[in-house]
Structure formats: C-alpha cells, structure tokens
Amino acid sequence: MNWAWEQKLDPSTKIVLLALADIADDRGICWPSIPSIARKVCTSERTVQRVMHCLSQGTETQPALIQIAARTRSNGSRSSNVYLLQVPGDKLSPGDIGDIGDGGMVTALRQEGGDKAATRGGDKATSP
C-alpha cells in the first residue's frame with residue numbers, strides 16, 4: 001500500500017487507488033465491483049468508473065497505474081473486472097499480466113485486440 005501513497009495524484013484518483021491497494025492481494029490483484037469501491041470511498045459509481053479509466057490509461061508524464069481485465073462467468077455473463085496494480089519491483093512487472101491464476105478461480109488473463117479479457121473457472125470467488 002505504500003506504493004499507492006507515494007503516487008502524485010489528485011484526491012479522488014488517489015483515494016480510489018488506495019482502496020484498490022487496500023483490497024489487493026500480495027501480487028497486486030483484486031476484483032471488487034464498482035459499487036463496492038464507490039461505497040468504500042464515498043463517491044458515485046460514475047466517478048469511480050472515470051477514475052479507473054484514468055488510472056488504466058496513464059499520461060505522458062506517468063505510466064498507467066493499473067491494468068483492467070474483464071471477467072466472465074462460466075455461463076458467459078460478465079462479472080466484476082480484475083485489477084492489477086502496476087507495482088514496480090519484485091511483485092509485479094509493469095506491462096506483464098501473464099497468468100494470474102488464483103487457486104483455479106482466475107485461470108487466464110490475456111490480451112485480445114485492444115481489450116483485455118479474463119476467464120474464470122466457476123463463479124465461487126468473491127473479492128478479498
């Protein structure tokens with residue numbers, strides 16, 4: 001979480017990043033819903049969506065701080081996204097999303113054209 005505190009961001013962006021860092025596991029992976037993040041940071045769902053988009057795009061002066069990948073259930077319906085915090089160093093390498101298997105729940109995270117997508121084995125997981 002110290003990594004998130006060190007980022008030079010506006011307040012709404014920083015609080016959403018801190019919420020993700022608080023929820024993420026040791027590998028920087030989490031999958032909370034937009035409504036749960038909005039409740040946690042006391043803002044609207046639309047604000048969270050806008051901030052998440054900004055965090056995933058980066059700027060000329062700052063690289064993207066998160067990667068977002070869509071998840072689907074076994075029946076093909078959408079589930080909450082997977083978020084990878086782009087923490088430099090030993091835990092995560094920026095730009096390397098590879099296989100993030102989580103006890104068989106998240107089986108693959110892959111790049112498809114311009115969209116990132118993930119598939120899951122079953123739908124028994126909840127965000128940590």
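The model shown is predicted, which means the values in this text are computed figures rather than measured ones.
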Starting at CG of Leu18, measure out to OG1 of Thr13 and round the result to the nearest 0.5 Å. 11.0 Å
Sequence neighbours left out, what passes side-chain contact (heavy atoms from CB on, under 4.5 Å) with Asn2? Give chain and number order. Glu6
Contacts of Thr47 that satisfy side chain to side chain donor-acceptor pair (under 3.5 Å) - sequence neighbours left out: Ser44
If you look at every heavy atom in Ile15 and Ser12, which pair is closest and at what distance? CG2-O, 3.2 Å
Validation row: Leu17, Tyr83 side chains within 4.5 angstrom (heavy atoms): no
Are Gln86 and Leu84 packed together at the side-chain level, in the sense that at least one heavy-atom pair is separated by less than 4.5 angstrom? yes
Start with the C-alpha gap between Arg78 and Thr72, add the side-chain angles, then the distance that decides, and say whether side chain to side chain donor-acceptor pair (under 3.5 Å) holds. CA-CA 5 Å; Arg78 289 287 311 264; Thr72 55; over 6 Å; no
Side-chain donor-acceptor distances from residues 48-56 under 3.5 Å, at least two apart:
| unit_1 | atom_1 | unit_2 | atom_2 | d |
| --- | --- | --- | --- | --- |
| Gln49 | OE1 | Arg46 | NH1 | 3.4 |
| Ser56 | OG | Met52 | O | 3.4 |
| Ser56 | OG | His53 | O | 2.9 |

Any non-hydrogen side-chain atom of Arg71 less than 4.5 Å from a side-chain atom of Ser80? yes
Indicate the atoms forming the closest heavy-atom contact of Ala4 with Lys14, along with that distance. O-CE, 3.6 Å
Please list, chain by chain and in numerical order, all residues satisfying side chain to side chain donor-acceptor pair (under 3.5 Å) with Gln7, sequence neighbours excluded. Gln62
Restricting to pairs with a member in residues 28-44, which pass salt bridge (Lys or Arg N to Asp or Glu O under 4.0 Å), not counting sequence neighbours? Asp22-Lys40
Using side-chain heavy atoms (C-beta onward) and a distance below 4.5 Å, is Leu20 in contact with Leu85? yes
What verdict does the side chain to side chain contact (heavy atoms under 4.5 Å, CB included) test give for Ile34 and Asn81, after you've listed the backbone C-alpha separation in whole Å, the side-chain angles of each residue and the deciding distance to 0.1 Å? CA-CA 9 Å; Ile34 295 293; Asn81 291 331; 5.8 Å; no
Can you sort out the partners of Ser77 under side chain to side chain donor-acceptor pair (under 3.5 Å), two or more places apart, ordered by chain and number? Arg73, Asn75
